[in-house]
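For reference, the structure is listed below as C-alpha cells.
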Amino acid sequence: MTLLRVAAVEKRFGGVRAVDGVSFALAAGEFAALIGPNGAGKSTLFALVAGHQALDAGRVEFAGRDIGRAMPVERARAGIGRTFQTAAAFASMTVRQNVQLALAAHAGELRHAWKTLADRHAEAAQALLGQVGIAALAARPAADLAYADLKRLELAIALAGVPRLLLMDEPTAGMAAGERTALMDLVASIAADQGITVLFTEHGMDVVFGYARRLLVMSRGRLIADGPPAEVRAQPAVQAAYFGEP
C-alpha cells in the first residue's frame, strides 16, 4: 500500500528552485534514504512533506489524502513524525517531561499541559524512554544529556506522536561511529516492530548503505536516481553528483 505520494513538487526561493519537480512514492514499511550533495534540496523536501514549507507547485498525499495545504500539526496527528539535523529539547525540563509534553500535544491537551504536566502521561512517557534506552535518565534535565542521549530523547518525542511515517534529517550527525550504529539499529528495530515507514537523509555512507533498502538521490533540486542501493550507487549520474565524474 502506498503511504506517501509526492507528485511534481516544487519550492522556489527567489530565482532558486530548491525542489524542482520531484516525484516519488513510499510504500508502508519501507526504510529508505534520501541522499545528495549539500544544497541538493533534501531538507527542503522534508519540510514540504512535513508542512514546514508551503508548496509552490505539485501535490503531497498521505494515506490517500491530499495534505498539501495541511498545517504541520495536522500532518503530525495524521501520522507524520520528524526529527531534525540538530537535536533539540526543552533544556530546563526533565527528560520525562519533554516526552510527556509531546504526548499531551498529540492528545490535543497542550493548552492545559503546562500547569498539570506532572500528572499527564507519566507512565507512557517512561515507557517510551525505556523503548529508546534512556529510562534511567528520566529525571535529569534535558540540558545535562550527552548528545547521543539527546538524539534518543528526540526519537522518543517523535514516537510520542505514533507516527506511520518518520522523517529523520541526518539522524546521526555529530555522533561517533559506535553511537551511529546503536541509534540506527534502534530505529530499524522500532520501525520493524511498529510498522513505521522511515525516510532519512544522511551524509555518512556507512549508515546509508548499512540500513537503507532503497535510495533516492537528489542533485540541484531534482531527483536523479531511485532504487536499490547497489544499483543506484553504480549509476554514472549519481557518481557525477558526488564525485564530479562517473
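Every heavy atom of this structure was used, including side-chain atoms; hydrogens, water molecules and symmetry mates were not.
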What pairs meet the side chain to side chain donor-acceptor pair (under 3.5 Å) rule with one or both residues in residues 214-233, with sequence neighbours excluded?
->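 Residue pairs with at least one partner in residues 214-233: D20-R222, E30-R214, R214-D226.
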Output every pair passing side chain to side chain donor-acceptor pair (under 3.5 Å) with a member in residues 63-73, not counting sequence neighbours, ordered by first then second residue.
->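 Those involving residues 63-73 are R59-D66.
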Consider only side-chain N and O atoms of Q53 and T44, and report whether a donor and an acceptor are under 3.5 Å apart.
->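 No pair is found: no donor N or O on one side chain lies under 3.5 Å from an acceptor on the other.
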Compare every heavy atom of [Y] with every heavy atom of [X], then report the nearest pair and how far apart it is.
X    : Y    : result
A54  : L48  : O-CD2, 3.7 Å
Q239 : A234 : NE2-O, 3.3 Å
A25  : R5   : CB-NH1, 4.2 Å
I35  : E202 : CG2-O, 3.8 Å
N98  : A142 : ND2-CB, 3.7 Å
A225 : V238 : CB-CG2, 3.5 Å

Excluding sequence neighbours, so at least two apart, what forms ring-ring contact (aromatic ring centres under 6.0 Å, His included) with Y211?
->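 Testing Y211 for ring-ring contact (aromatic ring centres under 6.0 Å, His included), a comparison that skips the adjacent residues, returns none.
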Side chains of [X] and [Y], heavy atoms from C-beta outward: is any pair under 4.5 Å?
X    : Y    : result
F200 : T83  : no
L166 : L155 : yes
L128 : L103 : yes
L215 : F209 : yes

Is the count of non-hydrogen atoms from other residues, nucleotides or ligands lying under 6.0 Å from M71 atom CE greater than 12?
->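 No, because the 6.0 Å sphere around CE of M71 holds 12 heavy atoms or fewer from other groups.
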More than 12 heavy atoms from other groups under 6.0 Å of CZ on R12 =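 Yes, CZ of R12 has more than 12 neighbouring heavy atoms, counting only those of other groups under 6.0 Å.
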Donor-acceptor pair, [X] side chain versus [Y] backbone, under 3.5 Å?
X    : Y    : answer
K42  : L34  : no
Q126 : A135 : yes
R75  : V49  : yes
T172 : M175 : no
T94  : P141 : no
K151 : A146 : no

I would like to know whether L137 and L129 meet side-chain contact (heavy atoms from CB on, under 4.5 Å); could you show each step before the answer?
-> CA-CA 8 Å; L137 306 178; L129 293 174; over 6 Å; no
L153 CG to I134 CD1 distance, which is reported to the nearest 0.5 Å =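 Here the interatomic distance stands at 5.0 Å.
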Measure the spacing between CG of L45 and CZ of F24 and express it to the nearest 0.5 Å.
->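 Going from CG on L45 over to CZ on F24, the span is 5.0 Å.
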In the single-linkage hydrophobic clustering (I, L, V, M, F, W, Y; side-chain heavy atoms under 4.5 Å), do L183 and V95 co-cluster?
->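 In one cluster with L183: V95, yes.
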Hey, any chance Y147 and L145 share a hydrophobic cluster, counting ILVMFWY side chains that come within less than 4.5 Å of each other, even indirectly?
->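 Same cluster: Y147 reaches L145 through Ile, Leu, Val, Met, Phe, Trp or Tyr contacts under 4.5 Å.
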